[in-house]
Amino acid sequence: MLLRLCFANQTDTDIDKKKQVSVSLHLSLQTQSAPLSTTVTCCTMLKSTFTPMYWFLAPKPKPQKLSSNLIKNTFSNSTPNVRQNSSLKQNPIINPTSAYIHLPFCRKRCHYCDFTIVALGSASTQTHDDPRVINYVQWLCREINATKMEEKPAPLQTVFFGGGTPSLVPPSMVSNVLETLKMKFGLSESAEISMEMDPGTFDYKKMQEMMLLGVNRVSLGVQAFQEKLLKSCGRAHGLEEVHEAIDIVKKCGVENWSIDLIASLPHQTSEMWEESLRLTIEAQPTHVSVYDLQIEQGTKFGKLYVPGEFPLPSETQSADFYKMASKILCDANYNHYEISSYCKNGYECKHNYTYWKNNPFYAFGLGSTSLIGGLRFSRPKKMNEYTKFVQNLENGLINSSSDNNINSKDTATDVVMLSLRTARGLDLKRFQESFGSSLVLSLLELYKPYVESGHVVFLDEQRRTIRIDDTDNSLLYETNSERRVAYMRLSDPNGFLLSNELISLAFGVIDSWKDYPSALQEAT
Amino acid sequence: MFYKNIINGDDSRDGKESPNYLLNLIDTPGHVDFSYEVSRSLAACQGVLLVVDAAQGVQAQTVANFYLAFESNLSIIPVINKIDQPTADPDRVKAQLKSMFDLDASDVLLTSAKTGKGLEHVLPAVIERIPPPPGKSDSSLRMLLLDSYFDEYRGVICHVAVVDGALRKGDKISSAATGKSYEALDIGIMHPELTPTGILFTGQVGYVISGMRSTKEARIGDTIYHTRSTVDVVPLPGFKPAKHMVFSGLFPADGSDFEALNHAIEKLTCNDASVSVAKETSTALGLGFRCGFLGLLHMDVFHQRLEQEYGAHIISTVPTVPYIYEYSDGSKLEVQNPAALPSNPKQRVVACWEPTVIATIVMPSEYVGSVITLLSERRGEQLEYSFIDSQRVFMKYRLPLREVVIDFYNELKSITSGYASFDYEDSDYQQSDLVKLDILLNGQPVDAMSTIVHNSKSYRVGRELVDKLKKVIDRQMFEISIQAAIGSKVIARETITAMRKNVLAKCYGGDVSRKRKLLEKQKEGKKRMKRVGSVDVPQEAFHELLKVS
């Protein structure tokens with residue numbers, strides 16, 4: 001395997017990914033390399049060289065046994081029950097039941113965005129005849145079909161269309177993708193099918209068509225309720241389109257939908273932020289995602305602004321925005337179930353929970369990252385490299401899942417990092433089953449002072465807060481279940497606000513964790 | 001650096017009488033830290049070549065070395081070198097030599113080692129003007145040990161000058177300083193490599209390999225004699241044990257590297273016996289060593305060798321000098337480590353003394369004002385002030401060693417654009433008003449950061465230390481108070497407010513690896529920190545403190 005820089009897909013959920021975060025340049029294990037080229041050129045090249053072919057001709061089933069690594073087993077897929085944390089069922093085979101689909105097209109690039117996108121031009125609201133889109137969707141379907149898997153795949157429980165702006169893609173093409181997925185893996189009747197949609201890219205008819213195809217969750221990229229802010233961050237839509245989009249979603253009767261907002265935009269005042277939160281609550285979505293603007297290198301904002309300096313809010317202001325969101329949304333009966341996610345009871349995003357539980361998931365499309373057999377695999381983010389990758393996949397030259405050797409330290413690190421982002425926190429019983437009690441004890445020891453300072457919360461089996469006013473260290477072995485720590489989580493909002501600090505402390509503990517081979521045995 | 005390069009010139013010449021002369025040339029270190037070694041080398045010599053740069057003229061080191069040679073009653077041959085340089089002004093330098101040292105201009109040799117001009121006069125002058133070694137060849141053996149170094153394959157190699165008698169291979173010899181006995185396994189002269197001769201006669205300078213294990217046994221200035229000699233051998237004068245003037249704590253940057261550092265220091269002291277080493281434990285920095293050095297340069301060289309030759313990453317504490325504290329019950333305490341001095345002693349301190357030095361400074365006259373300002377800031381006391389010639393000034397000052405130890409030379413160089421030269425010799429202890437300054441982080445004293453300062457400067461130093469720390473310590477999850485205190489009295493305080501927010505707002509499937517890398521980086525950063533109570537202190541903090549005077 002060779003290490004290379006690659007673009008990670010952003011599978012995010014309820015949001016328009018362009019938002020804050022952005023590209024994730026990261027080192028990942030990857031087996032493919034290809035020449036670089038700009039997005040624009042790849043598209044042109046595709047236009048001229050791609051010969052249309054039918055996606056259903058492609059499948060070449062080459063069943064491949066996934067190795068039954070112990071650690072992997074502990075993260076085997078489980079029923080997509082939101083209430084369940086890192087599932088540790090001892091299934092011998094792990095089949096992903098979640099799929100992320102990357103649809104990279106946007107009308108234009110937002111000023112904060114460093115994601116893998118293909119800008120079509122501001123005029124492009126109709127894409128049904130755009131060859132760049134047509135060709136891409138064909139490659140995407142070929143990739144799905146060329147994916148190796150178990151003989152009996154489990155039907156998908158969640159599908160997430162992320163982008164880019166998936167709502168720019170014509171419903172007929174979305175239908176192609178869904179059909180391909182259905183044929184390849186099967187699709188559960190009750191599957192959650194989410195789509196990121198931007199105001200101004202869909203009308204009532206398109207929304208209804210999407211719903212007919214099975215899309216049952218919408219993540220609406222509103223970002224702000226101020227014309228001035230939308231404009232200054234380079235959004236392709238204005239405030240009017242925001243209100244229209246909300247009306248369409250509500251009129252179509254989408255039951256499960258999210259409004260995505262960005263906090264700490266340049267020139268944003270607390271009055272504006274309060275207004276955005278108020279208008280969001282008035283729209284009554286079942287889910288709200290609140291992202292903090294992150295200034296990424298290479299973006300327009302990256303060139304213009306320095307974090308913490310005017311016109312960006314100061315660190316203190318920005319922390320206040322975060323607290324304000326937590327307070328106002330929780331008062332409106334939204335649960336703060338993850339660092340940047342809020343929902344009404346029962347409306348957690350199931351697809352995102354797959355990520356946070358470190359469960360496996362497929363990913364298809366430009367720059368996307370999958371997690372199969374414990375291996376994170378990032379696809380090329382340049383279009384011509386991506387098409388080569390798909391060809392190699394079809395020829396059996398590459399395999400995007402892992403064969404073996406997933407380091408238990410790495411897995412422990414991922415589990416801690418992801419689960420501490422959630423309100424549910426880290427399930428110590430399951431964690432101990434996988435990694436042994438010594439690591440759990442070190443973590444308890446590590447976080448004790450932060451329980452006192454109010455950044456971390458220890459919970460018992462019934463999720464009642466445990467006070468640690470005495471010095472005894474047997475929190476884990478306490479026979480009285482009311483005194484035994486079953487979960488640890490970061491507090492809201494103070495712990496969440498300093499999550500990087502707190503989680504990296506845990507990384508240090510895992511790093512110096514010496515006896516993990518015995519922990520492995522324990523896991524058997 | 002530590003080891004003098006000794007060249008044995010076997011110089012056969014066709015003079016009138018065409019005799020052969022055996023000349024020994026010893027290159028001495030110019031730096032004051034090694035003045036004791038220089039004095040021992042001079043003790044083995046009969047004359048010196050005092051080399052002065054034709055463009056730069058007399059420097060502070062020239063003055064220091066002249067007086068060392070003069071006091072040892074050696075014949076002095078002044079040489080003005082680099083006369084090929086366009087800026088060379090040998091006449092001016094001759095005038096300086098006359099006015100400073102009363103050296104006759106007609107005795108001065110003019111040379112250019114680069115072009116070879118004038119070099120032919122040097123060795124004849126040596127033979128003409130420098131007397132042969134005295135000494136009684138018929139009396140029993142007395143040798144001066146003037147240098148030693150450690151060879152991986154052959155053990156300790158001693159450089160000796162035979163004062164009286166003769167040494168043959170296989171002789172049993174003893175050291176006057178340690179009383180230990182050895183066998184002269186191999187002896188010879190430096191020609192310039194080690195050349196075995198089997199015998200060393202009176203007046204010769206050569207080497208002896210005697211199976212010593214460590215250079216600690218080879219005390220420079222020691223007298224070596226025949227073990228069997230029946231008469232009581234009178235040791236040669238001038239022997240002094242190494243005197244440590246500067247102390248600092250050395251800690252491994254990563255606490256787990258203690259063993260590696262231990263090993264590196266052991267190996268290094270094999271070769272440099274003049275460093276004293278004792279184990280030290282600091283609550284902030286963990287296990288480490290308190291090392292004593294001959295001076296500042298010696299300390300710097302030792303640190304550098306540790307890092308370069310042994311790859312050791314170290315944190316060094318602020319260098320300190322040995323103070324003497326006297327308490328009301330009459331007890332005296334020598335303090336080599338500020339942390340060892342009680343902040344609130346049970347006994348009243350009656351007096352404290354600090355070591356001083358006599359500093360010699362030579363500089364162009366236009367810098368006199370700023371240099372005098374610097375010297376008085378450093379609590380200097382003027383002893384002498386004179387003009388070498390119309391442009392150069394010569395000054396002597398008594399300075400507390402502490403003031404010299406911390407960043408003095410750098411500052412002197414920067415205010416004089418590098419034109420001042422500086423040298424110093426150890427002097428007496430003088431009584432002084434000294435206080436211990438503690439640094440507290442969140443109320444907890446950091447032992448590795450405490451220093452001893454003069455009372456008059458304590459407020460300024462305390463303020464400076466606190467400001468520096470505020471700059472280098474990052475915001476953390478809790479508020480951090482940084483205080484400087486004398487005893488229980490806080491004299492300066494700064495607060496680092498708590499970090500408000502450090503959160504990655506988004507983390508989905510494709511982001512996991514990237515976010516993780518970011519947090520891994522943050523973790524690595526924490527690993528490099530030293531934890532003091534609940535506060536993470538970056539290593540730079542310790543380095544920064546070295547620069548506060």
Side-chain angles (χ1 to χ4, degrees), chain A residues 7-13 15 17 19-21 23-28 100 162 263 289-294 315-316 318-319 322 339-340 352 354-356 358 361 363 367-371 376 378 413-414 417-418 421 449-450 453 455 496-505 507-508 511, chain B residues 252-259 283 286 441-444 470-471 473-481 495-539:
Chain A
F7 176 65
N9 80 345
Q10 74 258 30
T11 63
D12 52 338
T13 327
I15 275 297
K17 30 233 36 186
K19 237 160 241 143
Q20 66 186 49
V21 174
V23 159
S24 0
L25 258 184
H26 76 278
L27 268 180
S28 105
Y100 172 80
S289 293
V290 176
Y291 300 112
D292 225 52
L293 180 71
Q294 275 164 22
E315 190 190 301
T316 309
S318 178
Y322 187 91
I339 283 182
S340 44
N352 284 342
T354 309
Y355 304 141
W356 301 330
N358 207 35
F361 53 90
S368 63
T369 301
S370 55
L371 174 64
R376 290 189 197 279
S378 299
T413 307
D414 281 353
M417 174 175 90
L418 294 167
R421 292 182 59 87
Y450 300 95
S453 64
H455 294 99
F496 278 161
L497 265 172
L498 294 171
S499 54
N500 284 358
E501 286 294 307
L502 292 160
I503 294 171
S504 58
L505 285 173
F507 278 23
D511 214 40
Chain B
D254 179 350
S256 59
D257 291 343
F258 175 76
E259 275 312 314
T283 47
L441 294 178
N442 277 352
Q444 200 169 341
K470 187 179 181 181
K471 274 186 206 128
I473 297 179
D474 290 327
R475 294 219 278 168
Q476 285 162 38
M477 291 177 56
F478 310 95
E479 184 178 277
I480 302 165
S481 72
T495 305
I496 300 176
T497 55
M499 179 192 289
R500 294 298 311 274
K501 171 166 162 273
N502 186 1
V503 55
L504 293 171
K506 208 175 170 189
C507 187
Y508 298 110
D511 285 331
V512 171
S513 308
R514 180 168 100 145
K515 302 284 190 248
R516 197 179 133 173
K517 266 195 87 180
L518 230 136
L519 294 177
E520 297 269 2
K521 227 170 130 185
Q522 208 165 325
K523 172 204 77 188
E524 289 306 320
K526 283 193 201 300
K527 249 171 103 180
R528 285 192 297 273
M529 305 263 198
K530 293 287 173 187
R531 210 164 168 78
V532 180
S534 57
V535 183
D536 287 324
V537 182
Q539 285 174 27

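Quantities reported herein were computed from a predicted structural model and do not represent experimental measurements. In the text below, chain A, chain B and the rest are named by the order of the sequence lines, each starting its count at 1.
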Distance, nearest 0.5 Å, that separates [atom1] of [X] from [atom2] of [Y]:
X: B:Arg516; Y: A:Arg376; atom1: CZ; atom2: CZ; result: 8.0 Å
X: B:Met477; Y: A:Leu497; atom1: CE; atom2: CG; result: 10.5 Å
X: A:Asp414; Y: B:Lys515; atom1: CG; atom2: NZ; result: 13.5 Å
X: B:Leu518; Y: A:Asn500; atom1: CG; atom2: CG; result: 7.0 Å

Portion of A:Ser318 that has a non-hydrogen atom of chain B nearer than 4.5 angstrom: both

Shortest non-hydrogen separation from B:Arg500 to A:Glu315 and the atoms involved: N-OE2, 2.7 Å

Most chain A-contacting option - heavy-atom pairs closer than 4.5 Å, from B:Glu524, B:Lys523, B:Glu520, B:Lys521: B:Lys523

Do we see a donor-acceptor contact under 3.5 Å between the side chains of A:Glu501 and B:Gln476? no

Most contact-rich option vs chain B, by heavy-atom pairs under 4.5 angstrom, among A:Phe507, A:Tyr322, A:Tyr450, is A:Phe507

Who are the ring pair (Phe, Tyr, Trp, His ring centres under 6.0 Å) partners of A:Phe496, not counting sequence neighbours? A:His336

Applying side chain to side chain contact (heavy atoms under 4.5 Å, CB included), can you list everything that pairs with A:Ser499, at least two apart in sequence or on another chain? A:Ile339, A:Leu490, A:Ile503, B:Val503

